[in-house]
Amino acid sequence: MILENNQIFLDEKLSNKDNVMLFIAEKSKLLGIIDNEKELYNKLWEREKEYPTAVQDLIAVPHVKSDLIKTAKLLFIRLTEAVDWDSPDGFKVKSVFVILVPEKDAGQKHLEILSKVAVSLLEEDFQSMILSMKTGDELIKYIKENLDGDLL
């Protein structure tokens, strides 16, 4: 599955964007998604330097497509406080959907599903729900219902 309960982190106390990137890299290694957390950390920042991944106020979608990623995964992090994301629009971020895709899967169904998540983030109802869900189980169920199927 692309999204599982152990990939959902609710109410994390991370004080800035760099701490969020470190958190993503550390958790990705602990979950076995990658072997080299420093390399993922650097890839996340490379992408951010191209253009910040805050898609709107309160929501960012950092993403990496690389051979260092073993299998396509989605992580969700909700922060206790919004952090500055250094976006041209001045967006602060509280919900972070992380899309990690192996280079070999970039054009396949995994990417289609992950793209649907990114598009869903633009809908106000979806944003409201992800900011208010109390448990990972609730969040996974809601996402699956809104993607018209399982995250397989």
* Asked: For residues 12-38, which residue pairs qualify under ring-ring contact (aromatic ring centres under 6.0 Å, His included), counting only residues two or more places apart or in two chains?
  -> Phe9-Phe23
* Test salt bridge (Lys or Arg N to Asp or Glu O under 4.0 Å) applied to Lys38 - qualifying residues, sequence neighbours left out -> none
* **Side-chain donor/acceptor of Gln7 to backbone N/O of Leu74, under 3.5 Å** => yes
* Asked: So does Lys27 pair up with Glu37, basic N to acidic O under 4.0 Å?
  -> no
* Asked: What are the two closest non-hydrogen atoms of Leu44 and Met21, and how far apart are they?
  -> CB-SD, 3.8 Å
* Pairing residues for Glu48 by the salt bridge (Lys or Arg N to Asp or Glu O under 4.0 Å) criterion, not counting sequence neighbours -> Lys17
* For the residue pair Leu100 and Ser28, what are the closest heavy atoms and their distance? -> CD1-OG, 3.5 Å
* To do: Report the residues that fulfil ring-ring contact (aromatic ring centres under 6.0 Å, His included) with Phe91, sequence neighbours left out, ordered by chain and then residue number.
  => none
* Asked: Does the salt bridge (Lys or Arg N to Asp or Glu O under 4.0 Å) test come out yes or no for Glu81 and Lys13, once each step is laid out?
  -> CA-CA 7 Å; Glu81 300 292 327; Lys13 292 178 178 153; over 6 Å; no
* Asked: Is there a donor-acceptor pair under 3.5 Å between the side chain of Arg47 and the backbone N or O of Asn42?
  -> no
* Quick check: does any side chain N or O of Asp84 sit under 3.5 Å from a backbone N or O of Asn16, one acting as donor and the other as acceptor? -> no
* **Close side-chain approach of Ser66 to Pro102, heavy-atom, < 4.5 Å** => no
* Which distance, rounded to the nearest 0.5 Å, do you find between the CD1 of Ile8 and the CG of Asp137? -> 7.5 Å
* Stepwise, does the side-chain hydrogen bond (donor to acceptor under 3.5 Å, both in side chains) test hold for Tyr41 with Asp18? -> CA-CA 9 Å; Tyr41 172 82; Asp18 190 58; 2.3 Å; yes
* Structure fact -> Note: Leu68 and Asn36 closest approach over all heavy atoms is CD1-O, 4.0 Å
* To do: Can you run down the ring-ring contact (aromatic ring centres under 6.0 Å, His included) pairs that involve residues 61-86, sequence neighbours left out, and say none if there aren't any?
  => Phe76-Phe97
* Side-chain (Arg78) to main-chain (Val96) donor-acceptor, under 3.5 angstrom -> no
* Asked: Is a side-chain donor or acceptor of Ser132 paired with a backbone partner of Ser128 at a separation under 3.5 angstrom?
  -> yes
* For Ile34 and Ala25, which heavy atoms make the closest approach, and how far apart are they? -> CD1-O, 3.8 Å
* State, to 0.1 Å, how close Val64 and Ile69 come at their nearest heavy-atom pair, and which atoms those are. => O-CD1, 3.4 Å
* Presence of salt bridge, Asp35 and Lys70, under 4.0 angstrom -> yes
* Under the side-chain hydrogen bond (donor to acceptor under 3.5 Å, both in side chains) test, which residues partner Asp86, sequence neighbours left out? -> none
